[in-house]
Protein chains: 2
Amino acid sequence: MTLTSLTRETLSDQIARQLMNFIVTTNLQPGDLLPSETKLAADFGVSRSVVREAMRSLAAQGAIEVISGKGAIVRPVDDSLLRIFFQRAIEVGQGSHVELMEIRKPLEVQSSALAAQRRTAEEAESILETVSAMANELGNLEKYAVLDVELHLQIAAAAHNQLLYHLISSVRTMLHNVVLTGLQRRKGRDQLERIQTVHTAIARAIEQSDPGAARDAMAVHFDEAMQFINSTG
Amino acid sequence: MTLTSLTRETLSDQIARQLMNFIVTTNLQPGDLLPSETKLAADFGVSRSVVREAMRSLAAQGAIEVISGKGAIVRPVDDSLLRIFFQRAIEVGQGSHVELMEIRKPLEVQSSALAAQRRTAEEAESILETVSAMANELGNLEKYAVLDVELHLQIAAAAHNQLLYHLISSVRTMLHNVVLTGLQRRKGRDQLERIQTVHTAIARAIEQSDPGAARDAMAVHFDEAMQFINSTG
DNA sequence: ACTTGTCAAGCTGTCAGACAAGTTGACAGC
DNA sequence: GCTGTCAACTTGTCTGACAGCTTGACAAGT
């Protein structure tokens, strides 16, 4: 017989669970208002403190947002939880920016391949537009960086995989400074033009529904980016 | 001039942030005890309720664990936040098991390649041991499934990328039932032997420090797995 | 018709104080 | 050495209170 330490579930934990369940089963949509703390406390037969602590849990997990004087509204699923995870892991030294890049590469490669398979005509067009807009900003690093984010997210969106999108988006956010540094190291116009060439290849492969080519081009893109991030000095 | 809606930060949010900061800067390790709620309330000059709500936030994010009658201890970084994210995304219909598989594949492929580059001698050996242990359980699906999880996690550990490890571990947990179903569809002994062959190829490539071969073998493994998951009936 | 001022009702944020229940360590008794 | 008891400290929950914010209704003034 094996023994396992037992823990009574606290009231607020139970209520947090029930509230989450309530949101899902009654199909509450982002923006919808939850009952007030007083009412919930009465319904559950507990004090307001307990309900408040339950809501604090859900708010900390990004499931709801509590607005003072108004109430608690349901929040859409976004990448905030992922960002908290990555942030904390790095803070505590359980992860690094290099590790993030090692995750980001295969995800973006997959994103590129899926986009080539699933992109709508509109998505393909707007990706090509972004790439040509970037061609005009080779002299403006800041604008180029902004468009670069946009491009990668457009591709991720065209992959039509929301989990993948959130992952890429959150990892990208964490790496923002690293990417910028990498770009700055390639200040030379010829270097930026090389990036532009690869970007074009990716976009074209997606537009031509060629997953293999899209995958390869994105892989090249990341291998080259890695070089400039690692080149110290 | 652009206007932006402003929000006062609540006391508990401030305290949650400061507490997290305190944990990191004073280098508290998992298991270490935080000051008591009463003491913190006194130190911060606020009521105990506020401190409690702050701790509830951190507990919901898995940063600490509050034990009744004892105190709050620091928790190690694990994949609980990731699991909450995936769980919620799927509950709300913002994600699916297919999407999870599409994420899992590139991550495990990368994991396999990195493991081939970085595995220690001990890791290579224990991976090979697991594979040969699986060879003896071809008739026992349950045991085989348990060892399968172990193998993939051993490989992820050998990749020496903790973020990647947590991601793979959490995605795998979410897919547990799907994987089991996939295995059951391959009940035929010859089918399981095919899996075993590929597993062996992966392990051998890792042992021989051949990232390319490891990558390819893992990709094949997932492509074949996908077939049996998708084959309805 | 449209803005403005005011007010009441309801909500969240915070406080103080209380008691129950769990944990721990010290210590006496066997 | 083991056990039972007790005191000190901790978290869990409750109650009642008040400040500050949000919203909607409504009257007053243009």
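Note on naming: letters A, B, ... go to the chains in the order of the sequence lines (proteins, then strands), and numbering restarts at 1 for each one.
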statement: Rounded to whole Å, the CD-P distance (B:Q14 to C:dT14) equals 8 Å
query: Phosphate oxygens OP1/OP2 of C:dT12: is one of them under 4.0 Å from a side-chain N or O of A:S68?
result: no
- prompt: Quick one: do the B:T173 and B:R83 side chains pair a donor with an acceptor below 3.5 Å?
  reply: no
field: N/O (side chain, B:R8) to phosphate O (OP1/OP2, D:dG20) under 4.0 Å
entry: no
- request: Between D:dT13, C:dT12, D:dC14, spot the one nearest the side chain of A:V46, thanks.
  value: D:dC14
query: Is B:D13 paired with B:R8 through a side-chain N to carboxylate O contact shorter than 4.0 Å?
result: no
task: Dump the intermediate steps for side chain to side chain contact (heavy atoms under 4.5 Å, CB included) on B:I103 and A:Q110, then the final yes or no.
output: CA-CA 8 Å; B:I103 290 171; A:Q110 170 79 319; over 6 Å; no
- prompt: Can you check the B:R52 CZ to C:dT14 P distance for me, whole Å?
  reply: 15 Å
query: Between atom CD in A:E9 and atom C1' in D:dT11, what is the gap in whole Å?
result: 16 Å
Atom-to-atom span, NZ of A:K39 to P of C:dT12 - whole angstrom: 12 Å
message: Go nucleotide by nucleotide along DNA chain D from the 5' end; which of A:G45 and A:K70 gets its closest nucleotide reached first?
response: A:G45
- request: Could you tell me which nucleotide pairs with C:dG10 by Watson-Crick or G-U wobble geometry, both distances under 3.5 Å, or answer none if nothing does?
  value: D:dC21
Side-chain donor-acceptor pair present, A:E142, A:N140, cut-off under 3.5 Å: no
- prompt: To the nearest angstrom, how far is A:E65 atom CD from C:dC11 atom P?
  reply: 18 Å
message: Between the base of D:dT11 and the side chain of B:R48, is there a donor and acceptor pair under 3.5 angstrom?
response: no
task: Calculate the interatomic distance between B:L34 atom CG and D:dT11 atom C1'; express it in whole Å.
output: 14 Å
- line: In Watson-Crick or G-U wobble terms, with both distances under 3.5 Å, the base opposite D:dT30 is C:dA1
- prompt: Do the side-chain N or O atoms of A:S49 get closer than 4.0 angstrom to the phosphate oxygens (OP1, OP2) of D:dT15?
  reply: no
Rounded distance (Å) that lies between atom P of D:dT15 and atom CG of A:L11: 12 Å
- prompt: In terms of side-chain geometry, is the basic nitrogen of A:E9 or A:R17 positioned less than 4.0 Å from the acidic oxygen of its partner?
  reply: yes
message: Is the phosphate of C:dC11 approached by A:S36 (side-chain N or O, under 4.0 Å from OP1 or OP2)?
response: yes
task: Report yes if a side-chain nitrogen or oxygen of B:S12 is closer than 4.0 Å to either non-bridging phosphate oxygen (OP1 or OP2) of C:dG13; otherwise report no.
output: no
statement: Among C:dT12, D:dT15, C:dA16, the one nearest any side-chain atom of A:E37 is C:dT12
query: Nearest-Å distance, CG (B:L33) to C1' (C:dT24)?
result: 12 Å
